[in-house]
There are 2 protein chains.
Amino acid sequence: MKISISKENHLKAIFHLESDHGTVTTNELAAALHTRPASITDMLKKLQKEGLVLYERYKGFSLSQDGKMAAVQIIRNHRLWECFLVDHLDFDWSQVHEMAEELEHLTSRKLIDRLDFFLGFPRTDPHGDPIPDSDGKFTRQIAQIPLPNLLTGKEATVTAIRPQTDQILELLQHKKIKIGTRITIRKKFDFDDSLEIEVDGGASTTVSALVAKNIYVSVQK
Amino acid sequence: MKISISKENHLKAIFHLESDHGTVTTNELAAALHTRPASITDMLKKLQKEGLVLYERYKGFSLSQDGKMAAVQIIRNHRLWECFLVDHLDFDWSQVHEMAEELEHLTSRKLIDRLDFFLGFPRTDPHGDPIPDSDGKFTRQIAQIPLPNLLTGKEATVTAIRPQTDQILELLQHKKIKIGTRITIRKKFDFDDSLEIEVDGGASTTVSALVAKNIYVSVQK
DNA sequence: ATTATATTTTAGGCAAATCTAAAAATTTAA
DNA sequence: TTAAATTTTTAGATTTGCCTAAAATATAAT
Ligand SMILES: [Mn+2]
Ligand SMILES: [Mn+2]
Ligand SMILES: [Mn+2]
Ligand SMILES: [Mn+2]
């Protein structure tokens, strides 16, 4: 009935890779989990026996419905704990991932549901990623676009940074940009695709095309 | 360097049994951990090799200084998480132990120290047990006595319930007695050693000798 | 002081999760 | 369409944490 921590990590990784590029391979999964392809094959056979993945040797694999549900639950745990760490223990988003990697495996369903209540049912984690509800349903996310696609002069809210590296975090922290920050593009420079932006209706600053591409914003709400 | 969850559980159990009756035996430890004596011997050999216990075959064993420090750290984690669960997630003390049993094994020292801060550096957990500080030092506890030893008419504060079973908790919950409750003995009945007590300066109630013996109180503070 | 009882340890095994090296299957390229 | 390269799987080990059954040791009772 209860899934081991290692199995949970495998299911979660499959889920993420599947969401990203529709399909997963043994090698990719091994890389994602810092393990070896042979170990993945071993684990896959066990997960299949438990009905958590559909697997045919040499042909590929994917999560079963049960596997998907299990994965989503862990992702929910992970993201809710990240909220707790950032909002209440005052960590910043670059630090919380590791800790959440452990916290996500706690087995009490009631604990996580109460935590959700305590946090006020947040809809996204500190990185802007959506948090599924207790039944595993992701609420429709508000449409988000990469910052370079935003029309000049139109105000928008930062909803995600992706991918989240320590380096971009450091840069954005310095420029006072985070999830929830309001941004308006003042000027687009065709020369290098850098942008001059206004941050929270105050000072202006310039970001490179690379930085801009990693910032996702939403014009609604 | 890092101690496995199972080893942490062993160290903690040894610590508790040692504190209780000064010494621990293989059988006791096996019972406490719901495992077999042979498994204890195996584990003891490993813990000795790592310098966490002092062990001589057939002669007995005890925690080394390192082992003691590790155990205290886990106990700190356990009790701080119990505080969080009761004070912020609104669980009651009978429910938190299991969850804390998992939470205590999280590896981030910084996490637990921030949690401590978030909680306001509590000195005892919801069961009245003392919480060591980040360096593993237990602050001197205020003197506590079993309720039957309290003088009639002298007001005191409930500081602990021991042992904590679900049954006594249920009873005390019904009578609105918990850690921090103020109690004054109004009458001691010699016939069965039951006590008539006043709870929080309000209504009076009667508790049996057995119940009274499990309630610890402090007159100071 | 023997003998009986209880405790503790060894011997041998098993399941989970990993690994390396080698074999098998698939995919890509010539 | 065969050969080469890549991917995936098997075979065989290892480590950790636990088990049962049997042997060793210590303790208690005649
Ligand atoms: Mn994890
Ligand atoms: Mn996240
Ligand atoms: Mn535990
Ligand atoms: Mn406690």
Side-chain angles (χ1 to χ4, degrees), chain A residues 1-14 17-18 20-63 66-67 70-71 74 101-102 104-105 107, chain B residues 1-15 17-18 20-63 67 70-71 74 101-102 104-105 107:
Chain A
M1 191 76 268
K2 92 132 78 65
I3 303 171
S4 75
I5 291 176
S6 179
K7 283 174 183 166
E8 288 188 342
N9 283 333
H10 280 75
L11 294 175
K12 193 182 62 153
I14 297 172
L17 292 172
E18 266 186 350
D20 277 8
H21 34 308
T23 182
V24 209
T25 68
T26 303
N27 277 345
E28 277 168 358
L29 192 49
L33 291 165
H34 306 108
T35 179
R36 299 308 189 146
S39 310
I40 296 298
T41 302
D42 286 351
M43 186 56 97
L44 244 21
K45 286 194 276 198
K46 294 176 203 162
L47 292 173
Q48 180 191 37
K49 209 166 295 172
E50 295 172 51
L52 296 166
V53 303
L54 310 167
Y55 166 65
E56 224 166 331
R57 59 200 257 290
Y58 287 111
K59 304 258 300 204
F61 54 90
S62 65
L63 290 181
D66 281 3
I74 320 257
E101 207 55 48
E102 293 181 34
E104 69 188 359
H105 302 290
T107 59
Chain B
M1 192 74 272
K2 93 132 79 65
I3 303 172
S4 75
I5 290 177
S6 178
K7 283 174 184 167
E8 289 188 343
N9 283 333
H10 280 75
L11 295 174
K12 192 181 61 151
I14 298 173
F15 183 93
L17 292 172
E18 267 186 350
D20 278 7
H21 33 307
T23 180
V24 210
T25 68
T26 303
N27 278 344
E28 277 167 357
L29 191 50
L33 290 164
H34 306 105
T35 180
R36 300 306 190 147
S39 309
I40 296 299
T41 302
D42 286 351
M43 188 56 96
L44 244 22
K45 287 193 276 198
K46 293 174 201 163
L47 292 173
Q48 179 190 38
K49 208 166 295 172
E50 294 171 50
L52 296 165
V53 303
L54 311 168
Y55 167 64
E56 221 167 331
R57 60 200 257 291
Y58 288 110
K59 305 259 300 200
F61 53 89
S62 65
L63 290 180
I74 321 256
E101 207 54 48
E102 293 181 36
E104 69 187 359
H105 302 290
T107 58

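In this text, all values refer to a predicted model and were calculated from it rather than measured experimentally. Below, read A as the first sequence line, B as the second, and so on, with proteins coming before strands; counting in each chain starts at 1.
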- Determine: side-chain N/O of B:Lys45 to OP1/OP2 of C:dT10, distance under 4.0 Å, yes or no. yes

- Query: With a 4.5 Å heavy-atom cut-off, do A:Lys46 and A:Leu52 have their side chains touching?
  - Reply: no

- Message: By the 4.0 Å heavy-atom rule, please label A:Phe61 as base, sugar-phosphate, or nothing.
- Response: nothing

- Note on the structure: In whole angstroms, the gap separating P of D:dC18 from CG of B:Leu47 amounts to 11 Å

- Message: What is the distance, to the nearest angstrom, from the NE2 atom on B:His105 to the C1' atom on D:dG17?
- Response: 14 Å

- Item | Shortest side-chain distance from B:Ser6, nucleotide among D:dG17, C:dT7, C:dT18 | D:dG17

- Item | Test item: B:Thr25 and B:Leu17 side chains (from C-beta on) under 4.5 Å apart, heavy atoms | no

- Query: For the pair made of CG in B:Asn27 and C1' in D:dT27, what is the distance, rounded to whole Å?
  - Reply: 13 Å

- Rounded off to whole Å, could you give me the NZ-to-P distance for the A:Lys7 and C:dA15 pair? 13 Å

- Item | Donor-acceptor under 3.5 Å (B:Glu18 side chain, B:Leu63 main chain) | yes

- Separation of atom CG in A:Asn9 from atom C1' in C:dA17, rounded to whole Å: 12 Å

- Could you check if a side-chain atom of B:Glu102 sits within less than 4.5 angstrom of a side-chain atom of B:Ile5, using non-hydrogen atoms only? no

- pair A:Phe61-A:Ile14: side-chain heavy atoms closer than 4.5 Å: yes

- Task: Report the residue (A:Ser4 or B:Glu56) whose heavy-atom-nearest nucleotide on DNA chain C is the more 5′ of the two.
- Result: B:Glu56

- Note on the structure: Closest to the side chain of A:Thr26, out of D:dT8, D:dA26, C:dA17, is D:dT8

- Rounded to whole angstrom units, what separation is found between the CG atom of A:Leu44 and the P atom of C:dA16? 16 Å

- Selection: residues 32-42 of chain B, any non-hydrogen atom under 4.0 Å of DNA chain D: B:Thr35, B:Arg36, B:Ala38, B:Ser39, B:Asp42

- Message: Considering every strand and a 4.0 Å limit on heavy-atom distances, what is the contact class for A:Lys59: base, sugar-phosphate, or nothing?
- Response: nothing

- Any side-chain N or O of A:Arg57 less than 4.0 Å from the OP1 or OP2 oxygen of D:dT10? yes

- Item | B:Leu29 CG - D:dC18 P separation (whole Å) | 11 Å

- Query: Closer to the 5' end of DNA chain C via nearest nucleotide, is it A:Tyr58 or A:Met43?
  - Reply: A:Met43

- Query: Can you find a pair of side-chain heavy atoms, one from A:Thr41 and one from A:Arg57, that are under 4.5 Å apart?
  - Reply: no

- Message: With a 4.5 Å cut-off on side-chain heavy atoms, are A:Glu8 and A:Glu104 touching?
- Response: no

- Task: Send over the distance from B:Lys46 NZ to C:dT9 P, rounded to a whole Å.
- Result: 14 Å

